[in-house]
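Only a predicted model underlies this, so the values are computations on that prediction, with no experimental measurement involved.
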Amino acid sequence: MPLSSYRMHIIYLVATMNYGFGSDDSEELAYYNKIRTEMNDMKKTQLKKG
């Protein structure tokens with residue numbers, strides 16, 4: 001069963017605020033990890049002022 005938009009929103013908030021996520025659902029954990037890796041990638045590729 002796919003995640004509801006409400007659940008995706010809650011997971012997004014948890015990930016962006018750097019909170020831990022304690023769920024046993026593999027689909028929720030996968031979405032949480034996807035958001036975290038995207039945020040880390042954005043931090044690494046910041047625009048350099050030149």
Side-chain angles (χ1 to χ4, degrees):
M1 183 172 130
L3 293 173
S4 68
S5 60
Y6 173 76
R7 197 68 192 145
M8 290 173 70
H9 178 68
I10 296 299
I11 295 170
Y12 178 79
L13 289 175
V14 168
T16 56
M17 296 180 79
N18 289 326
Y19 290 154
F21 188 65
S23 176
D24 293 333
D25 187 10
S26 61
E27 192 172 356
E28 290 179 352
L29 286 173
Y31 186 69
Y32 174 80
N33 289 331
K34 177 185 162 198
I35 301 268
R36 295 295 300 159
T37 54
E38 287 177 2
M39 288 178 49
N40 288 336
D41 291 344
M42 283 191 291
K43 287 180 185 175
K44 290 179 184 176
T45 59
Q46 289 180 349
L47 296 176
K48 295 181 180 176
K49 296 180 181 177

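Taking the ring-ring contact (aromatic ring centres under 6.0 Å, His included) definition, one finds that Y31 meets it with nothing, sequence neighbours left out. With sequence neighbours left out, the side chain to side chain donor-acceptor pair (under 3.5 Å) criterion links S23 to E28. Under the rule for a salt bridge (Lys or Arg N to Asp or Glu O under 4.0 Å), R36 has no partner lying at least two apart in sequence or in another chain. For E27, the side chain to side chain contact (heavy atoms under 4.5 Å, CB included) test picks out P2, L3, D25, with sequence neighbours left out. The side chain to side chain contact (heavy atoms under 4.5 Å, CB included) search around S5 returns none, not counting sequence neighbours. Y12 meets the side chain to side chain contact (heavy atoms under 4.5 Å, CB included) test with T16, I35; sequence neighbours excluded.
The shortest heavy-atom contact between F21 and V14 is CD1-CG1, 4.0 Å.
Note: L29 CG to K34 NZ = 14.5 Å, rounded to the nearest 0.5 Å.
Linking ILVMFWY side-chain heavy atoms closer than 4.5 Å, directly or via other members, places Y6 and L13 in two distinct hydrophobic clusters.
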